[in-house]
Amino acid sequence: MNQSPIDIDNTLKAHVVPLKTHYVDGPSLILNNGHTVQATLPETTQDSVTIDGVAYRLQQFHFHAPSENTLHGKHFDLEMHLVHKNAAGELAVVAVMFKTGAANAELEKLWQALPEHADASQPLTTAIDINKLLPQDKTYYRFSGSLTTPPCSEGIAWLVVKHPLTLSAAQLDKFKQLMHHDNNRPVQPLHGRVVVE
């Protein structure tokens, strides 16, 4: 009943607390698992977000093209999911949208290290500044949802950042060629859920 992704259309205006990010370490490994490209953080990372006064530690981030969540029925070209976990084991996903435009320098560092084959991973030798993969304005839409890949577990806090970043057409093509297919899950029914902003 609370599956992700969703189409963000009607929202409830609320005074959501601005997103507090604390990203300093960056990922240590990049993986092509055949379904997406995932950058994994070391176990020791202090990278986190604060949601409702609770710290959620960043585990990994990965990409979907086209976007999984839609806005008024429209897809973005790419969507990044930053997956966080708190001490109680609860998950929160911060989603950032990308549209085709100027090349993204930080994304390019990741793309340079992309493993060509599925189920291949390699250490990241170039430092990645995750802050540069987020817009300056971190206002967001928030709803309760699920993982978008099996087991599609529910009870996950979703924060979809409103302002998109850009990536070049060449950067988008490189990702799409690596995946060989669209890797987004279709939008799911809301079942009465409310999206707040």
Side-chain angles (χ1 to χ4, degrees), residues 4-9 11 16-28 30-32 35-41 45 47-51 56 58-84 92-114 124 126-143 145 148 156-179 182-185 187 195-197:
S4 291
I6 63 164
D7 177 44
I8 297 165
D9 194 19
T11 59
V16 291
V17 179
L19 183 61
K20 281 201 197 112
T21 56
H22 179 76
Y23 296 141
V24 288
D25 296 333
S28 56
I30 190 163
L31 161 74
N32 172 358
H35 306 291
T36 187
V37 169
Q38 177 176 307
T40 307
L41 278 89
T45 185
D47 284 9
S48 64
V49 292
T50 305
I51 301 167
Y56 287 74
L58 182 59
Q59 311 284 301
Q60 47 98 342
F61 58 94
H62 61 267
F63 300 88
H64 298 274
S67 70
E68 296 205 301
N69 292 289
T70 56
L71 186 62
H72 309 304
K74 289 191 167 59
H75 286 277
F76 286 88
D77 294 318
L78 181 80
E79 180 172 352
M80 175 177 72
H81 290 163
L82 297 134
V83 183
H84 304 75
V93 178
V94 174
V96 179
M97 302 296 186
F98 292 80
K99 61 183 182 182
T100 308
N104 185 300
E106 218 58 28
L107 209 54
E108 190 56 36
K109 291 181 193 173
L110 272 179
W111 269 206
Q112 291 297 335
L114 285 179
L124 276 167
T126 309
I128 307 291
D129 183 354
I130 300 170
N131 301 293
K132 291 182 181 164
L133 293 172
L134 288 160
Q136 294 274 303
D137 181 343
K138 298 187 189 75
T139 50
Y140 57 88
Y141 302 104
R142 181 172 175 175
F143 59 92
T148 63
I156 291 167
W158 275 85
L159 288 76
V160 177
V161 178
K162 290 182 182 182
H163 296 277
L165 295 175
T166 60
L167 81 166
S168 67
Q171 287 177 321
L172 184 62
D173 285 347
K174 184 169 184 181
F175 179 80
K176 285 181 158 180
Q177 283 167 9
L178 200 67
M179 292 294 106
D182 290 353
N183 71 336
N184 62 316
R185 187 186 191 197
V187 293
V195 179
V196 296
E197 63 170 304

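All values derive from a computational prediction rather than experimental measurement. Worth knowing before you read on, the calculation uses all heavy atoms, side chains too, and leaves out hydrogens, waters and symmetry mates.
- Within the 4.5 Å cutoff, side-chain heavy atoms of F98 are placed close to those of L107.
- Counting heavy atoms from C-beta outward, L58 and I130 have side chains that approach closer than 4.5 Å.
- Of the possible donor and acceptor atoms, one in the side chain of D47 sits under 3.5 Å from a partner among the backbone N and O of G26.
- Aromatic ring orientation, H81 versus H62: perpendicular (interplanar angle above 60°, classes split at 30° and 60°).
- Taking CG from L124 and CG from L110, the interatomic distance works out to 6.0 Å, rounded to the nearest 0.5 Å.
- Between M97 and L165, the closest side-chain pair of non-hydrogen atoms is not below 4.5 Å.
- Here the closest heavy-atom approach between residue N183 and residue F63 is recorded as ND2-O, 3.0 Å.
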Between D129 and K132, does the side-chain contact (heavy atoms from CB on, under 4.5 Å) criterion hold? Intermediate values first, please.
CA-CA 6 Å; D129 183 354; K132 291 182 181 164; 3.7 Å; yes
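- Proximity of V16 to Y140: side-chain heavy atoms (C-beta onward) are separated by under 4.5 Å at one or more points.
- Judged by distance alone, with hydrogens and angles left aside, the side-chain atoms of T36 form no donor-acceptor pair with the main-chain N or O of Q38 at under 3.5 Å.
- Considering only heavy atoms from C-beta on, L159 stays 4.5 Å or farther from V93 through its side chain.
- Between the CE atom in M80 and the CG atom in L167 there is a gap of 11.5 Å [rounded to 0.5 Å].
- Looking only at side-chain heavy atoms (C-beta outward), T166 and N104 stay at 4.5 Å or farther from each other.
- Of the N and O atoms on the side chains of H72 and D9, at least one donor lies less than 3.5 Å from an acceptor on the other residue.
- Between N69 and S67, the side chains place no donor N or O within less than 3.5 Å of an acceptor N or O (distance only, hydrogens not considered).
- Q171 and A103 make their closest contact through OE1-CA, 3.5 Å (heavy atoms, listed as atom of the first residue, atom of the second, distance).
- The two atoms that bring F143 and S4 nearest to each other are CE1-OG, 3.8 Å, heavy atoms only.
- Between L82 and Q60 there is no side-chain heavy-atom pair separated by less than 4.5 Å.
- Of the inter-residue distances, the one linking E106 atom CD with I128 atom CD1 reads 5.5 Å to the nearest 0.5 angstrom.
- No donor-acceptor distance shorter than 3.5 angstrom exists from the side chain of K176 to the backbone of A65, with no hydrogens or angles considered.
- Distance check, rounded to the nearest 0.5 Å: OG1 of T70 to CG of N184 gives 10.0 Å.
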Tell me, with the steps shown, if V196 and Y141 meet side-chain contact (heavy atoms from CB on, under 4.5 Å).
CA-CA 6 Å; V196 296; Y141 302 104; over 6 Å; no
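- Applying the side chain to side chain donor-acceptor pair (under 3.5 Å) rule to D77 yields the partners T100; only residues at least two apart in sequence or on another chain are considered.
- Remark: E108 pairs with no residue by the salt bridge (charged side-chain N to carboxylate O under 4.0 Å, His left out) rule, at least two apart or across chains.
- Minimum heavy-atom separation, L178 to L114: CD2-CD1, 3.8 Å.
- One finds the CG atom of L19 at 10.0 Å from the CZ atom of R142 (value rounded to the nearest 0.5 Å).
- K162 and E197 are joined by a salt bridge, as a carboxylate oxygen and a charged side-chain nitrogen come within less than 4.0 angstrom of each other.
- Y23 pairs by the side chain to side chain donor-acceptor pair (under 3.5 Å) definition with H84, not counting sequence neighbours.
- Contact detail for F61 and L133: the closest heavy-atom pair is CE1-CD1, 4.0 Å.
- There is a side-chain donor-acceptor pair under 3.5 Å between E68 and T148.
- Going from atom OG of S48 over to atom CD of Q59 covers 11.0 Å, rounded to the nearest 0.5 Å.
- In this structure the side chain of I6 never reaches within 4.5 angstrom of the side chain of V187, judged on heavy atoms.
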Go through the steps to decide whether I8 and V160 satisfy the test side-chain contact (heavy atoms from CB on, under 4.5 Å), and finish with yes or no.
CA-CA 9 Å; I8 297 165; V160 177; 4.0 Å; yes
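- In this structure, a donor-acceptor pair under 3.5 Å is present between the side chains of D137 and H163.
- The two residues V161 and P135 come nearest to each other via the heavy atoms CG1-CG, 3.4 Å.
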